[in-house]
Protein chains: 2
Amino acid sequence: MLDVARTAQVSVATVSALINGTTRVSPALTQRIEAAISAIGYERNAIARSLKLGATNTIGLMVSDIRNPFFTDIVATIQYALNRVGYAVMVCSSDENTELQDMQIKLLLDRAVDGLIIAPAGEDVMLKDFLASVRRPMVIVDRTCEGLDVDTVTLDNRKAVLDATSYLIGLGHRRIGYIAGPLITSTGRDRLAGYRDALAAAEVPYVDELVQDGDSREAGGYRAAMQLLTQRDRPSAIFSANNLMTIGAMRAIRDAGLSCPDDISVACFDDFPWADVFRPHLTTIAQPVQAIGEYAANLLLDRLSGKADEAPRRLVIQGRLIVRESCRALARP
Amino acid sequence: MLDVARTAQVSVATVSALINGTTRVSPALTQRIEAAISAIGYERNAIARSLKLGATNTIGLMVSDIRNPFFTDIVATIQYALNRVGYAVMVCSSDENTELQDMQIKLLLDRAVDGLIIAPAGEDVMLKDFLASVRRPMVIVDRTCEGLDVDTVTLDNRKAVLDATSYLIGLGHRRIGYIAGPLITSTGRDRLAGYRDALAAAEVPYVDELVQDGDSREAGGYRAAMQLLTQRDRPSAIFSANNLMTIGAMRAIRDAGLSCPDDISVACFDDFPWADVFRPHLTTIAQPVQAIGEYAANLLLDRLSGKADEAPRRLVIQGRLIVRESCRALARP
DNA sequence: AATGCTAGTCTAAACGTTTAGAAGACGCTA
DNA sequence: TAGCGTCTTCTAAACGTTTAGACTAGCATT
């Protein structure tokens with residue numbers, strides 16, 4: 001900018017004023033400055049600008065697994081919503097690993113992001129303390145972080161799984177296997193609670209061995225499903241608590257030589273864009289992903305534009321059970 | 001930092017030296033400074049640091065559609081590879097829109113990223129000129145950008161589609177529908193060329209109406225497939241040039257009341273993690289996505305660490321045809 | 001003629017680091 | 001004692017912007 005100013009024989013203040021449109025600049029100087037800018041090929045240094053203005057117009061987004069289509073969608077929506085208003089988005093994925101997660105958040109903070117949107121991988125005490133010490137606007141998405149007083153947007157997981165499980169019970173299923181996500185996440189706990197709610201409401205006894213940990217990954221889903229399928233009294237239905245585990249479970253069903261829904265019924269959390277075209281057509285709980293992303297982005301933008309001190313808002317969205325063809329009604333014995 | 005220095009009664013230079021470990025600092029001062037740091041809760045200002053050092057340790061990554069599982073995977077691998085060595089990644093998605101793409105790249109450059117990895121949406125002249133004027137390390141991935149002298153890593157698209165189409169011809173198919181990606185992309189052109197190569201090699205005539213534009217999105221794939229399926233002399237096989245269009249095509253086949261592979265064979269570009277478990281089990285061309293991402297990251301890191309002036313490198317990776325059950329052999333008439 | 005207003009431009013101080021080179025303290029050698 | 005390293009610490013100048021406030025010139029008003 002100094003070069004431009006010298007070439008145009010004006011002060012840097014005038015150049016700055018012209019570039020930012022903060023003050024009127026006379027036609028004569030405007031012309032000289034513009035000539036100088038294109039002659040030199042000047043580009044404003046964004047770092048110096050950020051330093052002076054104290055904002056980077058960048059926000060950090062951390063999800064627990066960017067390859068999980070649910071989070072991909074979240075990332076895409078948030079990125080779009082924020083880009084539209086001039087924010088760039090720095091993305092990290094913790095791969096469900098709490099150590100990596102800490103590093104990633106530090107990486108983001110070290111880039112001086114103006115705000116943070118986080119879908120936490122777990123809830124270790126470290127993270128909570130750490131996030132509590134971060135003095136920047138922040139919203140937590142998908143999973144909650146107990147005792148952290150920030151804006152959140154989550155699904156009513158308990159209710160959604162209650163509905164799905166009740167649907168299975170309504171079809172006559174009594175032994176319903178459950179493939180669980182990590183119980184250190186709020187989603188893991190809430191979804192399991194929904195399952196138990198449904199059993200309790202129908203007075204179906206809760207059986208410990210019917211609940212298997214699927215680690216929220218495909219491999220875990222496979223293991224958990226195999227465990228369920230090889231039990232002496234095999235469950236007649238399985239509920240899988242997220243999309244990736246569902247893929248694993250379906251692979252296990254295939255490898256076990258079983259067929260869905262003839263041999264076993266399956267319902268699961270998270271919808272797939274292809275669920276109605278590839279067989280079996282899965283019965284799923286769909287999350288309004290776009291809405292979740294939009295809400296999260298808006299909550300953060302609100303904080304960013306001054307409403308920093310208001311009480312935290314907690315948005316809870318409802319899921320939707322989509323009944324397809326992967327669950328069959330059981331004949332009464 | 002000034003506060004810390006004052007509290008510890010040393011100069012800022014000493015504080016800086018201690019934090020960065022650039023010079024030995026005596027135990028006495030070390031202790032005083034560390035005490036001051038934790039008393040004040042000091043965090044180094046990354047922007048000022050970047051300004052002084054002239055680097056943000058951030059790279060920009062722009063893909064044409066982040067929701068496309070192929071690009072999601074690319075993003076995840078690149079992000080992981082770069083994080084590992086201390087770079088943060090700023091992600092943008094152009095949604096196959098060349099205007100949006102220009103904006104996004106400007107957004108990235110305006111955040112002073114140290115380098116760029118780009119999967120271009122199209123090849124408008126604008127973009128080429130624009131990228132040519134960007135004086136920062138850059139690598140182009142997946143699609144090429146004719147006449148732009150930068151590092152690239154791409155798949156041997158032509159060969160891959162040649163193989164797949166030849167496979168269909170080998171099964172006895174003669175009327176093979178082709179759902180094409182946008183011809184303004186190099187992948188769109190190369191893949192179509194592979195299709196024509198295969199036809200030519202087998203002396204099967206090329207029929208214009210068998211090639212339909214699918215726009216590389218699901219909806220486009222649906223439209224294109226419908227067009228093919230409703231022709232008076234319906235093709236016996238369809239090749240779909242990317243994953244999203246394949247979903248659309250399968251939906252069209254279902255809506256047309258047809259069954260794959262009984263009524264129509266399908267092969268496609270891009271593998272799905274669930275391709276071997278949901279029916280029909282699709283025959284696909286798998287791209288070594290991880291490798292592509294790693295290569296791209298490494299090319300950029302090489303540039304970033306000084307090798308700025310070497311001749312551009314162009315990596316071409318081979319795809320792999322995975323034969324499953326979505327194509328049936330045609331009985332000779 | 002003195003005063004005030006307006007529009008355009010400039011000066012200079014920030015923003016919070018890094019770092020070259022100066023300076024001081026100390027001990028060792030001649 | 002003078003000279004010379006070595007080790008530690010400091011001073012001060014960058015890095016490239018933004019912006020408050022000063023200044024000037026021109027013009028209208030009193």
Side-chain angles (χ1 to χ4, degrees), chain A residues 1-58 86 88 106-107 109-114 135-136, chain B residues 1-58 86 88 106-107 109-114 135-136:
Chain A
M1 184 182 261
L2 190 59
D3 286 345
V4 171
R6 269 203 274 261
T7 310
Q9 309 196 61
V10 298
S11 75
V12 287
T14 311
V15 178
S16 177
L18 178 63
I19 291 176
N20 298 304
T22 43
T23 316
R24 279 196 54 80
V25 174
S26 69
L29 294 204
T30 299
Q31 208 229 311
R32 257 156 55 199
I33 293 172
E34 278 169 352
I37 285 177
S38 61
I40 291 180
Y42 166 77
E43 293 172 28
R44 172 172 72 189
N45 181 314
I47 310 179
R49 181 159 213 265
S50 290
L51 175 61
K52 189 65 191 156
L53 297 182
T56 51
N57 285 323
T58 300
K106 281 196 189 101
L107 193 84
L109 290 174
D110 203 45
R111 293 302 176 295
V113 293
D114 292 342
R135 287 183 298 268
R136 265 171 262 194
Chain B
M1 185 182 259
L2 188 59
D3 285 345
V4 172
R6 270 202 273 259
T7 309
Q9 311 196 61
V10 297
S11 75
V12 287
T14 311
V15 178
S16 176
L18 178 63
I19 290 176
N20 298 305
T22 44
T23 317
R24 277 196 55 77
V25 174
S26 70
L29 294 203
T30 300
Q31 210 229 309
R32 257 157 54 202
I33 293 171
E34 279 169 353
I37 285 178
S38 60
I40 292 182
Y42 166 76
E43 292 171 31
R44 172 171 72 189
N45 180 313
I47 310 177
R49 179 158 213 262
S50 289
L51 174 60
K52 189 63 191 160
L53 298 183
T56 51
N57 286 322
T58 300
K106 280 196 189 104
L107 193 82
L109 290 174
D110 202 44
R111 292 303 176 294
V113 293
D114 293 340
R135 285 182 300 267
R136 265 173 263 195

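So you know, we letter chains A, B, ... as the sequences are listed, proteins then strands, and number each from 1.
- Phosphate contact (OP1/OP2 of C:dT9, side-chain N/O of A:Ser26, threshold under 4.0 Å): present.
- In this structure, B:Leu29 atom CG and C:dG24 atom C1' are separated by 14 Å, rounded to whole Å.
- With hydrogens and angles disregarded, a donor-acceptor distance shorter than 3.5 Å links the side chain of B:Thr30 to the backbone of B:Val25.
- Put simply, A:Arg49 has no side-chain N or O that comes within less than 4.0 Å of OP1 or OP2 on D:dG16.
- Side-chain contact, A:Thr7 with A:Asp3: no donor N or O sits under 3.5 Å from an acceptor N or O.
- When distances run from any side-chain atom of A:Lys52 to the nucleotides C:dC15, C:dG16, D:dT19, the shortest one goes to C:dC15.
- Closest approach of A:Leu109 and A:Arg136 over heavy atoms only: O-NH1, 3.4 Å.
- Computed from C1' positions of five pairs at each end, the angle between the two local axes of the helix from C:dA1-D:dT30 to C:dA30-D:dT1 equals 70°, rounded to 10 degrees.
- Here the side chains of B:Ser11 and B:Thr14 are in contact, with some heavy-atom distance below 4.5 Å.
- Summarising the geometry, the separation between CG on A:Leu18 and C1' on C:dC10 is reported as 15 Å, rounded to the nearest angstrom.
- Nucleic acid contact class of B:Leu2 (heavy atoms, under 4.0 Å, all strands): none.
- Here the side chain of B:Ser11 is nearest to one of D:dG16, C:dA12, D:dC10, namely D:dC10.
- Contact detail for B:Val10 and B:Arg32: the closest heavy-atom pair is CG1-NH2, 3.8 Å.
- Atom CG in B:Asn45 sits about 17 Å away from atom P in C:dA14, given to the nearest Å.
- For A:Thr14, the side-chain atoms get nearest to C:dC10 when compared with the rest of C:dT17, C:dC10, D:dG16.
- Side-chain contact of B:Asn20 with B:Arg44: a donor-acceptor pair under 3.5 Å is present, judged by distance alone.
- Counting to the nearest Å, the P atom of C:dT17 and the CG atom of B:Asn57 are 16 Å from each other.
- Rounding to whole angstrom units, CG of residue A:Asn20 and P of D:dG16 are separated by 17 Å.
- Judged purely by atom type and a 3.5 angstrom limit, A:Arg111 uses its side chain to pair as donor or acceptor with the backbone of B:Thr56.
- Checked against D:dT9, C:dG8, C:dT17, the side chain of B:Thr23 finds its nearest nucleotide in D:dT9.
- Nearest to the side chain of B:Leu53, among C:dT17, C:dT18, C:dA14, sits C:dT18.
- Counting only heavy atoms from C-beta on, A:Val25 has its side chain closest to C:dT9 among D:dC10, C:dT9, C:dT18.
- The distance from atom CD1 of B:Ile47 to atom P of C:dA14 is 19 Å, rounded to the nearest whole Å.
- Atom pair B:Glu43:CD and C:dG16:P shows a separation of 13 Å (rounding to whole Å applied).
- Rounded to whole Å, the distance from CG on A:Asp110 to P on C:dG16 is 16 Å.
- The two residues A:Asp110 and B:Ala46 make their nearest non-hydrogen contact at O-CB, 2.7 Å.
- In this structure, A:Arg24 does not reach the C:dA7 phosphate: none of its side-chain N or O atoms is under 4.0 Å from OP1 or OP2.
- Counting only heavy atoms from C-beta on, A:Leu51 has its side chain closest to C:dG16 among D:dT17, C:dG16, C:dT17.
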